[in-house]
**Student:** 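Below is one structure. I have some questions about it.
Model, not experiment: these values are computed from the prediction.
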Amino acid sequence: MSSTSPIPADDPGLAQLYRDFDSRHLNPLWTQTADLMPASPAPRAVPYVWRWSELYPLAERSGDLVPVGRGGERRAIALANPGLGGAPHVTPTLWAAIQYLGPKEVAPEHRHSQNAFRFVVEGEGVWTVVNGDPVAMRRGDFLLTPGWHFHGHHNETDHPMAWIDGLDIPLVQYTDTAFFEFGSDTVTDDSTPDVSRAERLWAHPGLRPLIGLDAKTNSPIAAYRWEHTDRALAAQLELEDEGHAATCGPGHAAVRYSNPTTGGDVMPTIRAEFHRLRPGASTRPRHDAGSTVYQVFEGTGTVHLGDTVTRVTTGDLIAVPSWTRWAFDAESQLDLFAFSDAPVIERLHLSRTYIPEGA
């Protein structure tokens with residue numbers, strides 16, 4: 001904002017005006033325009049890579065020292081973006097953590113307003129019980145815990161298991177809309193079915209049961225299984241080999257997890273996708289409004305974050321804040337799980353993407 005005449009800095013009347021503003025909890029726009037309305041997003045969050053090779057040993061040590069039970073509720077270690085002043089948020093709208101459950105341990109049930117998911121990089125043997133429905137957790141599975149659903153976990157094996165949690169905690173916290181409630185001190189169903197009741201009803205491709213035909217805010221599918229994700233990605237690349245335009249770019253297959261009742265995102269605040277790059281393939285550099293977190297499910301490659309290039313490998317987690325220039329290059333086949341705040345950004349009509357010329 002410009003003015004035809006400068007405001008004298010030593011004007012005693014102006015100094016008194018500002019003191020009166022302060023005493024009445026007021027802020028003049030003319031001193032803050034650049035901060036409130038930047039020419040492009042200027043996020044406090046910074047691009048950052050957390051190494052699975054460092055995260056997992058720390059989770060193991062936590063397993064030896066920190067019990068699971070009421071109060072702490074979960075042995076979950078949040079990723080704290082270095083740009084957010086110590087807040088336990090991976091981006092301003094998203095929360096991510098590595099959760100670790102030891103042999104034969106049970107995490108008690110509770111529920112909360114925040115929407116949550118789990119993604120498994122390795123291991124099996126834990127069941128998450130969502131509203132009384134036991135859901136097996138295995139490598140490559142993407143599992144939902146929508147807001148206000150009771151949930152707990154039980155490990156039926158003699159070995160530990162770790163996975164990542166993703167939630168919309170910062171968004172709910174910012175809007176002062178959080179609620180929390182304890183449930184059972186154990187889990188309401190400790191059985192171990194291969195397939196949950198929700199999957200038996202809803203997880204049949206292209207087929208929708210003729211019950212509950214109203215659109216559901218959250219996907220009713222409890223788990224999106226790795227075998228289906230893997231098959232869908234492989235099919236895209238096979239079609240590309242046959243000369244069909246079936247991928248996002250040369251050697252780049254991708255799928256979005258969807259709500260079968262709406263065709264939209266699995267939850268109203270979180271989008272989840274899976275990307276596969278063939279060896280030597282790359283994504284085009286781009287900027288996106290809104291933030292995304294990637295986890296390398298398998299393979300090695302490099303990620304470009306602004307002017308920095310970092311090598312990544314299986315399990316590593318990558319924060320891409322709003323409007324950061326980013327791209328991936330694959331060395332081996334590179335499989336990437338991604339989640340973002342895109343449903344919120346799009347619903348508010350704030351979505352924007354920029355792909356530099358020649359990229």
**Student:** Taking the basic N atoms (NZ, or NE/NH1/NH2) and the acidic carboxylate oxygens, is any pair closer than 4.0 Å for R225 and D230?
**Tutor:** no
**Student:** Look at the side-chain heavy atoms of Ile, Leu, Val, Met, Phe, Trp and Tyr, link any pair under 4.5 Å apart, and say whether L55 and V90 land in one connected group.
**Tutor:**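 Yes, L55 connects to V90 through the hydrophobic network.
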**Student:** With a 4.5 Å cut-off on side-chain heavy atoms, are N115 and P146 touching?
**Tutor:** yes
**Student:** Going only through I, L, V, M, F, W and Y residues with side-chain contacts under 4.5 Å, is there a path from M137 to L101?
**Tutor:** yes
**Student:** Just wondering, do K104 and N155 contact through their side chains at under 4.5 Å, heavy atoms?
**Tutor:** no
**Student:** If the condition is ring pair (Phe, Tyr, Trp, His ring centres under 6.0 Å), which residues does W50 pass it with, not counting sequence neighbours?
**Tutor:** Y48
**Student:** Please work out which of the three classes, parallel, tilted or perpendicular, describes the rings of Y294 and F328, given edges at 30° and 60°.
**Tutor:** perpendicular
**Student:** How close do A198 and A222 get, counting heavy atoms only, and between which atoms?
**Tutor:**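 Heavy atoms of A198 and A222 come nearest at CB-CB, 3.7 Å.
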**Student:** Working to the nearest 0.5 Å, report the span between NE2 of H154 and CD of E105.
**Tutor:** 13.5 Å
**Student:** How far apart are the C-alpha atoms of W163 and H153, what are their side-chain angles, what is the distance that settles it, and do they pass the side chain to side chain contact (heavy atoms under 4.5 Å, CB included) test?
**Tutor:** CA-CA 12 Å; W163 59 89; H153 320 303; 4.0 Å; yes
**Student:** Between the side chains of D329 and H304, is a donor N or O closer than 3.5 angstrom to an acceptor N or O?
**Tutor:** yes
**Student:** Is the shortest heavy-atom distance from the side chain of T175 to the side chain of T177 under 4.5 Å?
**Tutor:** yes
**Student:** Is any side-chain heavy atom of P41 closer than 4.5 Å to a side-chain heavy atom of S322?
**Tutor:** yes
**Student:** If you count heavy atoms of other groups shown closer than 6.0 angstrom to CZ of R347, is the number above 12?
**Tutor:**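 Atom CZ in R347 is not packed in, count stays at 12 or less.
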**Student:** When rounded to the nearest 0.5 angstrom, what distance separates CG in L239 from NE2 in H244?
**Tutor:**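 Those atoms lie 6.0 Å apart.
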**Student:** Between Y224 and S219, does any side-chain donor sit less than 3.5 Å from a side-chain acceptor?
**Tutor:**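 The criterion, which ignores hydrogens and geometry beyond distance, is satisfied for S219 and Y224.
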**Student:** Is it true that V266 and L94 fall in one hydrophobic cluster, defined by side-chain heavy atoms closer than 4.5 Å?
**Tutor:** yes
**Student:** Is the CG atom of D214 crowded by more than 12 outside heavy atoms at less than 6.0 Å?
**Tutor:** yes
**Student:** Salt bridge or not for R286 and D288, using N-O below 4.0 Å?
**Tutor:** yes
**Student:** What is the distance from atom CD of E156 to atom CD of E124, rounded to the nearest 0.5 Å?
**Tutor:** 13.0 Å
**Student:** Short question: side chain of T262, backbone of G264 - any donor-acceptor pair under 3.5 Å?
**Tutor:**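 Yes; judged by distance alone, with no hydrogens or angles, the pair exists.
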**Student:** Centroid separation under 6.0 Å, is that true for the rings of W95 and H89?
**Tutor:**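 No - the distance between ring centres of H89 and W95 does not fall below the 6.0 Å cut-off.
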**Student:** Is it the case that one hydrophobic cluster holds both L171 and L348, taking links as side-chain heavy atoms less than 4.5 Å apart, direct or via other members?
**Tutor:**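 Yes: a chain of side-chain contacts under 4.5 Å links L171 to L348.
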**Student:** Give the ring-plane orientation class for F337 versus F142, where under 30° counts as parallel, over 60° as perpendicular and anything between as tilted.
**Tutor:** tilted
**Student:** Going by heavy atoms in the side chains, are W326 and P285 under 4.5 Å from each other?
**Tutor:** no
**Student:** Side chains of E109 and T188: donor-acceptor distance under 3.5 Å anywhere?
**Tutor:**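 The criterion, which ignores hydrogens and geometry beyond distance, is satisfied for T188 and E109.
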**Student:** What orientation do F179 and W148 show, parallel under 30°, tilted 30 to 60°, or perpendicular over 60°?
**Tutor:**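 Geometry flag for W148 against F179: perpendicular rings.
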**Student:** Which side-chain N or O atoms in residues 251-259 pair as donor and acceptor under 3.5 Å with protein atoms at least two apart or in another chain?
**Tutor:**
from : atom 1 : to   : atom 2 : distance (Å)
H252 : NE2    : H275 : ND1    : 2.8
R256 : NE     : E273 : OE2    : 2.9
R256 : NH2    : E273 : OE2    : 2.8
N259 : OD1    : T261 : N      : 2.9
N259 : OD1    : T261 : OG1    : 2.9
N259 : ND2    : K216 : O      : 2.7

**Student:** Using the side chain to side chain donor-acceptor pair (under 3.5 Å) definition, which of the options R311, R51, Q295 pairs with D316?
**Tutor:**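 So the option named by the test is R51.
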**Student:** Taking atom CD of Q173 and atom CG of D176, what is their separation to the nearest 0.5 Å?
**Tutor:**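 The CG atom of D176 is 8.5 Å from CD of Q173, to the nearest 0.5 Å.
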**Student:** Within the structure provided, determine whether T300 and V312 are in side-chain contact (heavy-atom separation under 4.5 Å).
**Tutor:**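 Heavy-atom side-chain distance check fails, nothing below 4.5 Å.
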**Student:** If we only count heavy atoms from C-beta on, is the I164 to R118 side-chain gap below 4.5 Å?
**Tutor:** no
**Student:** Tell me every residue that passes ring pair (Phe, Tyr, Trp, His ring centres under 6.0 Å) with W226, counting only those two or more places apart in sequence or in another chain.
**Tutor:**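 By the ring pair (Phe, Tyr, Trp, His ring centres under 6.0 Å) rule, W226 matches F274, F297.
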**Student:** Between W323 and A289, which heavy-atom pair has the shortest distance, and what is it?
**Tutor:** CE3-N, 3.5 Å
**Student:** Could you check H112 against H151 for side chain to side chain contact (heavy atoms under 4.5 Å, CB included), going step by step and ending with a plain yes or no?
**Tutor:** CA-CA 9 Å; H112 41 69; H151 55 282; 3.3 Å; yes
**Student:** Where is the tightest heavy-atom contact between V187 and A107, given as atom of each residue plus distance?
**Tutor:**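 Answer, listing the atom of V187 first, then A107: CG1-O, 4.1 Å.
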**Student:** Anything under 30° is parallel, anything over 60° is perpendicular, the rest tilted; go ahead and classify Y18 against F21.
**Tutor:**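 Tilted.
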**Student:** May I ask you to say whether E122 pairs ionically with R138, meaning some side-chain N is under 4.0 Å from a carboxylate O?
**Tutor:**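 Salt bridge flag = no for R138 with E122.
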**Student:** For the atom pair CG (N131) and OG1 (T145), what is the distance rounded to the nearest 0.5 Å?
**Tutor:**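 Here the interatomic distance stands at 9.5 Å.
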**Student:** Would a line drawn from the ring center of F339 to the ring center of F117 be shorter than 6.0 Å?
**Tutor:**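 Ring centres of F117 and F339 closer than 6.0 Å.
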**Student:** Which atoms form the tightest heavy-atom contact between D185 and R70, and what is the distance?
**Tutor:**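 Heavy atoms of D185 and R70 come nearest at OD1-NE, 3.0 Å.
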**Student:** Are side-chain heavy atoms of F119 and L143 found at a separation under 4.5 Å?
**Tutor:**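 In short, these two side chains do not touch, never coming nearer than 4.5 Å.
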**Student:** Please say yes or no: joined through hydrophobic side-chain contacts below 4.5 Å, possibly via intermediate residues, are V121 and V293 part of one cluster?
**Tutor:**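 The answer is yes; both residues are in one hydrophobic cluster.
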**Student:** Passes side chain to side chain contact (heavy atoms under 4.5 Å, CB included), L233 versus T229? Steps please.
**Tutor:** CA-CA 6 Å; L233 295 164; T229 307; 4.0 Å; yes
**Student:** Quick one: closest heavy-atom pair of Q114 and A178, and the distance?
**Tutor:** NE2-CB, 3.7 Å
**Student:** T247 and E240: side-chain donor and acceptor closer than 3.5 Å?
**Tutor:** yes
**Student:** How long is the span from the CG atom in D168 to the CD1 atom in I270, to the nearest 0.5 Å?
**Tutor:**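 Answer for the CG-CD1 pair, D168 versus I270, is 5.0 Å.
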**Student:** Compute the ring centroids of H110 and H149, then answer whether they are less than 6.0 Å apart.
**Tutor:** no
**Student:** Of all the heavy-atom pairs spanning R75 and A59, show the shortest one and how long it is.
**Tutor:** CD-O, 4.4 Å
